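Being a predicted model, the structure only gives us computed values, none of them experimental. The first residue of the sequence shown is numbered 1, and numbering continues consecutively from there.
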Amino acid sequence: MALIEASELSRVYDLDSGRVTALDRVSLAIEVGDLVAVMGPSGSGKSTFMNLIGCLDRPTGGHYRLDGVAVETLSGDGLADLRNRKLGFVFQQFNLLPRVDACANVELPMVYAGHNGATRRERALAALARVGLTERAHHRPMQLSGGQQQRVAIARALVNQPRLLLADEPTGALDSRTALEILALFQDLNAEGVTVVIVTHDSEVARHARRVIRFRDGRLLSDQRQEAADARAALAALDRAPATEAAA
(Lines give C-alpha, C1' and ligand atoms only; values in the text may rest on other atoms or scores of the structure.)
Protein backbone atom coordinates (compact mmCIF):
# COMPACT_ATOMS: atom_id res chain seq x y z
CA MET A 1 0.00 0.00 0.00
CA ALA A 2 1.38 3.41 -0.99
CA LEU A 3 1.72 5.99 1.78
CA ILE A 4 3.19 8.61 -0.57
CA GLU A 5 1.93 8.97 -4.15
CA ALA A 6 3.52 11.70 -6.25
CA SER A 7 2.44 12.17 -9.86
CA GLU A 8 4.19 14.67 -12.16
CA LEU A 9 5.08 16.70 -9.06
CA SER A 10 6.71 20.05 -9.85
CA ARG A 11 7.83 23.14 -7.95
CA VAL A 12 8.77 26.34 -9.77
CA TYR A 13 9.99 29.50 -8.04
CA ASP A 14 9.66 32.97 -9.58
CA LEU A 15 12.80 34.86 -8.58
CA ASP A 16 14.19 38.24 -9.57
CA SER A 17 16.66 36.40 -11.79
CA GLY A 18 13.88 34.43 -13.49
CA ARG A 19 11.94 31.20 -13.07
CA VAL A 20 13.73 28.32 -11.37
CA THR A 21 12.42 24.77 -11.62
CA ALA A 22 13.42 23.13 -8.33
CA LEU A 23 11.45 19.94 -8.98
CA ASP A 24 10.51 18.81 -12.47
CA ARG A 25 7.60 16.35 -12.98
CA VAL A 26 8.60 13.72 -10.45
CA SER A 27 6.44 10.61 -10.16
CA LEU A 28 7.03 7.96 -7.52
CA ALA A 29 5.37 6.05 -4.70
CA ILE A 30 6.68 5.14 -1.25
CA GLU A 31 5.08 2.14 0.42
CA VAL A 32 3.93 1.86 4.00
CA GLY A 33 6.81 0.51 6.10
CA ASP A 34 9.57 1.50 3.68
CA LEU A 35 12.99 2.87 4.73
CA VAL A 36 14.18 5.28 2.05
CA ALA A 37 17.23 7.48 1.57
CA VAL A 38 16.79 10.50 -0.71
CA MET A 39 20.11 11.67 -2.16
CA GLY A 40 21.50 14.30 -4.48
CA PRO A 41 23.95 17.20 -4.56
CA SER A 42 23.02 20.72 -3.48
CA GLY A 43 20.37 22.08 -5.83
CA SER A 44 19.29 18.62 -6.98
CA GLY A 45 15.71 18.95 -5.71
CA LYS A 46 15.91 16.57 -2.75
CA SER A 47 15.09 19.24 -0.15
CA THR A 48 12.26 20.60 -2.29
CA PHE A 49 10.89 17.07 -2.55
CA MET A 50 11.04 16.68 1.23
CA ASN A 51 9.27 20.01 1.76
CA LEU A 52 6.49 18.93 -0.58
CA ILE A 53 5.95 15.45 0.84
CA GLY A 54 6.21 16.96 4.34
CA CYS A 55 3.40 19.41 3.53
CA LEU A 56 5.71 22.35 4.26
CA ASP A 57 5.23 23.71 0.73
CA ARG A 58 2.74 23.35 -2.11
CA PRO A 59 3.51 21.97 -5.57
CA THR A 60 3.29 24.22 -8.61
CA GLY A 61 2.04 21.31 -10.68
CA GLY A 62 1.15 17.66 -10.41
CA HIS A 63 -0.56 15.75 -7.64
CA TYR A 64 0.43 14.43 -4.22
CA ARG A 65 -1.51 12.07 -1.98
CA LEU A 66 -0.39 11.32 1.58
CA ASP A 67 -2.09 8.31 3.13
CA GLY A 68 -4.90 8.72 0.60
CA VAL A 69 -5.39 12.48 1.17
CA ALA A 70 -5.07 14.79 -1.87
CA VAL A 71 -2.68 17.30 -0.32
CA GLU A 72 -2.96 19.99 -3.00
CA THR A 73 -6.66 20.46 -2.17
CA LEU A 74 -6.07 21.37 1.49
CA SER A 75 -6.20 24.83 3.05
CA GLY A 76 -3.35 26.14 5.19
CA ASP A 77 -5.12 24.91 8.32
CA GLY A 78 -5.73 21.56 6.65
CA LEU A 79 -2.03 21.21 5.86
CA ALA A 80 -1.10 22.05 9.45
CA ASP A 81 -3.55 19.48 10.78
CA LEU A 82 -2.24 16.81 8.38
CA ARG A 83 1.36 17.52 9.43
CA ASN A 84 0.44 17.21 13.09
CA ARG A 85 -1.49 13.95 12.68
CA LYS A 86 0.48 12.11 9.99
CA LEU A 87 4.07 13.41 10.03
CA GLY A 88 7.07 13.56 12.32
CA PHE A 89 10.14 15.67 11.50
CA VAL A 90 13.78 15.27 12.55
CA PHE A 91 16.33 17.92 11.55
CA GLN A 92 20.12 18.21 11.60
CA GLN A 93 20.18 20.93 14.27
CA PHE A 94 17.68 19.25 16.65
CA ASN A 95 15.53 22.43 17.06
CA LEU A 96 14.89 21.86 20.77
CA LEU A 97 13.66 24.59 23.12
CA PRO A 98 16.69 25.33 25.34
CA ARG A 99 14.85 26.51 28.47
CA VAL A 100 12.67 23.45 29.05
CA ASP A 101 13.55 19.82 29.72
CA ALA A 102 13.45 16.88 27.33
CA CYS A 103 9.97 15.84 28.43
CA ALA A 104 8.50 19.30 27.76
CA ASN A 105 10.19 19.38 24.35
CA VAL A 106 8.61 16.06 23.44
CA GLU A 107 5.19 17.25 24.66
CA LEU A 108 5.13 20.20 22.25
CA PRO A 109 3.38 18.53 19.26
CA MET A 110 0.67 17.28 21.60
CA VAL A 111 -0.03 20.83 22.76
CA TYR A 112 -0.96 21.70 19.18
CA ALA A 113 -2.98 18.50 18.93
CA GLY A 114 -5.06 19.55 21.97
CA HIS A 115 -4.14 16.77 24.40
CA ASN A 116 -4.46 17.47 28.12
CA GLY A 117 -1.46 17.77 30.43
CA ALA A 118 -1.66 14.28 31.93
CA THR A 119 -1.88 12.64 28.52
CA ARG A 120 0.99 14.74 27.20
CA ARG A 121 3.26 13.80 30.09
CA GLU A 122 2.44 10.08 29.90
CA ARG A 123 2.99 9.87 26.16
CA ALA A 124 6.15 12.02 26.24
CA LEU A 125 7.75 9.79 28.87
CA ALA A 126 6.80 6.70 26.85
CA ALA A 127 8.38 8.22 23.72
CA LEU A 128 11.58 9.04 25.60
CA ALA A 129 11.69 5.48 26.92
CA ARG A 130 11.31 4.25 23.35
CA VAL A 131 14.51 6.07 22.35
CA GLY A 132 16.39 5.04 25.51
CA LEU A 133 16.25 8.34 27.41
CA THR A 134 14.08 7.59 30.43
CA GLU A 135 16.79 8.80 32.82
CA ARG A 136 17.28 12.05 30.86
CA ALA A 137 13.62 13.10 30.74
CA HIS A 138 14.15 16.07 33.03
CA HIS A 139 17.44 17.28 31.61
CA ARG A 140 17.55 20.43 29.48
CA PRO A 141 19.18 20.28 26.04
CA MET A 142 22.44 21.88 27.25
CA GLN A 143 22.79 18.98 29.70
CA LEU A 144 22.58 16.39 26.90
CA SER A 145 25.08 15.21 24.31
CA GLY A 146 24.43 15.77 20.61
CA GLY A 147 23.25 12.20 20.18
CA GLN A 148 20.92 12.48 23.17
CA GLN A 149 19.48 15.73 21.81
CA GLN A 150 18.79 14.02 18.49
CA ARG A 151 17.05 11.20 20.36
CA VAL A 152 14.84 13.77 22.08
CA ALA A 153 14.04 15.21 18.65
CA ILE A 154 13.14 11.72 17.40
CA ALA A 155 10.93 11.11 20.44
CA ARG A 156 9.19 14.43 19.73
CA ALA A 157 8.67 13.38 16.11
CA LEU A 158 7.15 10.07 17.20
CA VAL A 159 4.93 11.20 20.05
CA ASN A 160 1.81 11.76 17.92
CA GLN A 161 2.30 8.32 16.33
CA PRO A 162 2.90 9.61 12.78
CA ARG A 163 2.49 7.53 9.65
CA LEU A 164 5.67 9.00 8.20
CA LEU A 165 8.97 10.06 9.80
CA LEU A 166 10.95 12.57 7.71
CA ALA A 167 14.59 13.10 8.67
CA ASP A 168 16.60 15.90 7.02
CA GLU A 169 20.38 15.25 7.34
CA PRO A 170 19.72 13.79 10.83
CA THR A 171 23.33 12.68 11.40
CA GLY A 172 25.07 15.71 9.89
CA ALA A 173 25.96 17.26 13.27
CA LEU A 174 27.01 13.97 14.89
CA ASP A 175 30.23 11.96 15.10
CA SER A 176 30.37 8.67 13.22
CA ARG A 177 29.57 6.41 16.19
CA THR A 178 26.63 8.52 17.34
CA ALA A 179 25.40 8.64 13.74
CA LEU A 180 25.35 4.84 13.70
CA GLU A 181 23.35 4.84 16.95
CA ILE A 182 20.75 7.13 15.37
CA LEU A 183 20.61 5.01 12.21
CA ALA A 184 20.16 1.89 14.36
CA LEU A 185 17.25 3.62 16.07
CA PHE A 186 15.69 4.46 12.69
CA GLN A 187 16.06 0.83 11.64
CA ASP A 188 14.43 -0.32 14.89
CA LEU A 189 11.51 2.08 14.40
CA ASN A 190 11.16 0.96 10.80
CA ALA A 191 11.06 -2.68 11.93
CA GLU A 192 8.15 -1.67 14.19
CA GLY A 193 6.26 -0.38 11.15
CA VAL A 194 7.20 3.31 10.96
CA THR A 195 7.81 4.55 7.40
CA VAL A 196 11.11 6.47 7.37
CA VAL A 197 12.45 8.84 4.69
CA ILE A 198 15.97 10.20 5.25
CA VAL A 199 17.25 13.09 3.15
CA THR A 200 21.05 12.92 3.04
CA HIS A 201 24.11 13.69 0.97
CA ASP A 202 26.11 11.01 2.81
CA SER A 203 26.47 7.66 1.04
CA GLU A 204 27.34 5.98 4.36
CA VAL A 205 23.93 6.99 5.72
CA ALA A 206 22.22 5.80 2.54
CA ARG A 207 23.81 2.34 2.92
CA HIS A 208 21.47 1.75 5.88
CA ALA A 209 18.28 2.30 3.86
CA ARG A 210 16.47 -0.38 1.87
CA ARG A 211 15.76 1.96 -1.02
CA VAL A 212 17.81 4.85 -2.43
CA ILE A 213 16.22 7.59 -4.54
CA ARG A 214 18.56 10.03 -6.29
CA PHE A 215 17.77 13.47 -7.70
CA ARG A 216 19.71 15.67 -10.10
CA ASP A 217 18.69 19.03 -11.55
CA GLY A 218 15.20 18.70 -10.12
CA ARG A 219 14.53 15.34 -11.75
CA LEU A 220 14.37 11.79 -10.50
CA LEU A 221 17.68 10.25 -11.58
CA SER A 222 17.40 6.73 -10.12
CA ASP A 223 15.34 4.63 -7.74
CA GLN A 224 16.96 1.43 -6.50
CA ARG A 225 16.36 -1.26 -3.90
CA GLN A 226 19.29 -2.61 -1.91
CA GLU A 227 20.16 -4.77 1.08
CA ALA A 228 20.44 -2.33 3.99
CA ALA A 229 23.62 -2.36 6.06
CA ASP A 230 22.88 -3.29 9.67
CA ALA A 231 23.70 -0.31 11.89
CA ARG A 232 23.66 -2.39 15.08
CA ALA A 233 26.13 -4.85 13.57
CA ALA A 234 28.40 -1.93 12.67
CA LEU A 235 28.18 -0.66 16.27
CA ALA A 236 29.04 -4.11 17.58
CA ALA A 237 32.07 -4.20 15.28
CA LEU A 238 33.20 -0.86 16.68
CA ASP A 239 32.88 -2.19 20.22
CA ARG A 240 34.99 -5.25 19.35
CA ALA A 241 37.72 -3.30 17.60
CA PRO A 242 39.66 -2.03 20.69
CA ALA A 243 39.75 -5.52 22.21
CA THR A 244 41.01 -6.99 18.94
CA GLU A 245 43.74 -4.36 18.66
CA ALA A 246 44.77 -4.87 22.28
CA ALA A 247 45.03 -8.63 21.75
CA ALA A 248 47.24 -8.07 18.72
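- Every residue two or more places apart in sequence or in another chain was checked for a salt bridge (charged side-chain N to carboxylate O under 4.0 Å, His left out) with Asp202, and none qualifies.
- For the residue pair Glu169 / His201, a side-chain donor-acceptor distance below 3.5 Å is found, with atom types taken as modelled.
- For the pair Asn190 and Arg210, the minimum side-chain heavy-atom distance is below 4.5 Å.
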Working for side chain to side chain contact (heavy atoms under 4.5 Å, CB included), residues Leu82 and Cys55: CA-CA 8 Å; Leu82 189 66; Cys55 303; 3.7 Å; yes
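- Of the inter-residue distances, the one linking Leu133 atom CG with Cys103 atom SG reads 11.5 Å to the nearest 0.5 angstrom.
- Checking Ile53, Leu79, Ile4 one by one against Val71, the side chain to side chain contact (heavy atoms under 4.5 Å, CB included) holds for a single residue, Leu79.
- Sorted by first and then second residue, the ring pair (Phe, Tyr, Trp, His ring centres under 6.0 Å) pairs with a member in residues 27-57 read Phe49-Phe215; sequence neighbours excluded.
- Atom CG of Leu158 is separated from atom CG of Leu185 by 7.5 Å, given to the nearest 0.5 angstrom.
- Residues Met110 and Asn160 meet the side-chain proximity criterion, which asks for heavy atoms closer than 4.5 Å.
- Panel note: side chain Gln150, backbone Leu174; no donor-acceptor pair is recorded below 3.5 Å.
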Arg85/Gln161 under side chain to side chain contact (heavy atoms under 4.5 Å, CB included): CA gap, chis, key distance, verdict: CA-CA 8 Å; Arg85 290 186 297 106; Gln161 300 175 328; over 6 Å; no
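- A pairwise comparison of heavy atoms in Leu87 and Gly54 identifies CD1-O, 3.3 Å as the closest pair.
- A 4.5 Å side-chain heavy-atom check between Lys86 and Pro162 finds every atom pair outside the cut-off.
- For Arg123 (side chain) and Val159 (main-chain N/O), a donor-acceptor pair under 3.5 Å exists by modelled atom type.
- Hydrophobic clustering, with ILVMFWY side chains joined whenever heavy atoms are under 4.5 angstrom apart, groups Met50 together with Leu28.
- Between Arg65 and Ala70 the shortest heavy-atom distance is NH1-CB, 3.8 Å.
- A side chain to side chain donor-acceptor pair (under 3.5 Å) check over residues 220-238, counting only residues at least two apart or in different chains, returns the pairs Asp34-Arg225, Asp188-Arg232, Arg211-Asp223.
- Contact check for Asp239 versus Arg177: side-chain heavy atoms found under the 4.5 Å cut-off.
- A distance of 10.0 Å separates CG of Leu183 from CD of Glu204, quoted to the nearest 0.5 Å.
- Listed by first and then second residue, the side chain to side chain donor-acceptor pair (under 3.5 Å) pairs involving residues 14-25 are Asp14-Arg19, Asp24-Arg219 (not counting sequence neighbours).
- Each of Leu56 and Val20 belongs to its own hydrophobic cluster when Ile, Leu, Val, Met, Phe, Trp and Tyr are linked at side-chain heavy-atom distances under 4.5 angstrom.
- Here the side chain of Arg156 pairs no donor or acceptor atom with the backbone of Glu107 at under 3.5 angstrom.
- The cluster map of Ile, Leu, Val, Met, Phe, Trp and Tyr, joined by side-chain heavy atoms under 4.5 Å apart, puts Leu9 and Tyr13 in different clusters.
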Derivation and outcome, side chain to side chain contact (heavy atoms under 4.5 Å, CB included), residues Val212 and Val36: CA-CA 6 Å; Val212 179; Val36 182; over 6 Å; no
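- Side-chain contact check for Leu165 versus Val197: every heavy-atom pair is 4.5 Å or farther apart.
- Separation of atoms OG1 (Thr73) and CZ (Arg58) is listed at 8.5 Å; rounding is to 0.5 Å.
- In this structure, Lys46 contributes its side chain and Gly40 its backbone to a donor-acceptor pair below 3.5 Å.
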Trace of the salt bridge (charged side-chain N to carboxylate O under 4.0 Å, His left out) decision for Arg140 with Asp101: CA-CA 4 Å; Arg140 294 186 180 184; Asp101 65 18; over 6 Å; no
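- For Arg216, the CZ atom sits in a loose shell: 12 or fewer heavy atoms of surrounding residues, nucleotides or ligands are nearer than 6.0 Å.
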CA sep, side-chain torsions, deciding dist, call: Arg163, Leu66, side chain to side chain contact (heavy atoms under 4.5 Å, CB included): CA-CA 9 Å; Arg163 297 278 283 160; Leu66 173 61; over 6 Å; no
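- Pro141 approaches Pro98 most closely through the heavy-atom pair CD-O, 3.8 Å.
- Using a 4.5 Å heavy-atom threshold, the side chains of Ile30 and Leu3 count as separate.
- Contact check for Ile198 versus Val38: no side-chain heavy atoms found under the 4.5 Å cut-off.
- Annotation: ring pair (Phe, Tyr, Trp, His ring centres under 6.0 Å) contacts involving residues 120-169, sequence neighbours excluded, are absent.
- Here CZ of Arg83 is found 13.0 Å from CG of Leu164. Values are rounded to the nearest 0.5 Å.
- Across every non-hydrogen atom of Leu52 and Tyr64, the tightest pair is O-CE2, 3.3 Å.
- Under the side chain to side chain donor-acceptor pair (under 3.5 Å) criterion, the residue pairs touching residues 126-136 are Arg130-Glu192, with sequence neighbours excluded.
- Tracing side-chain contacts under 4.5 Å through hydrophobic residues (I, L, V, M, F, W, Y), one never reaches Phe186 starting from Val199; they form parts of separate clusters.
- In terms of modelled atom types and a separation under 3.5 Å, the side chain of Ser27 and the main chain of Glu8 share a donor-acceptor contact.
- The structure places CD of Glu72 at 12.0 Å from OG1 of Thr60, a figure rounded to the nearest 0.5 Å.
- Heavy-atom neighbours of Glu122 CD from other residues, nucleotides or ligands within 6.0 Å: at or below the threshold of 12.
- Here the closest non-hydrogen pair linking Gln187 and Ala231 is OE1-N, 3.0 Å.
- Around CG of Asp217, the count of heavy atoms belonging to other residues, nucleotides or ligands within 6.0 Å does not exceed 12.
- No single ILVMFWY cluster, assembled from side-chain heavy atoms under 4.5 Å apart, contains both Val26 and Met39.
- Closest approach of Phe89 to Ala157, counting heavy atoms only: O-CB, 3.5 Å.
- Side chains of Asn116 and Thr119: a donor-acceptor N/O pair is present below 3.5 angstrom, by distance only.
- Side-chain contact between Ile154 and Ile182 is present, with at least one heavy-atom pair separated by less than 4.5 Å.
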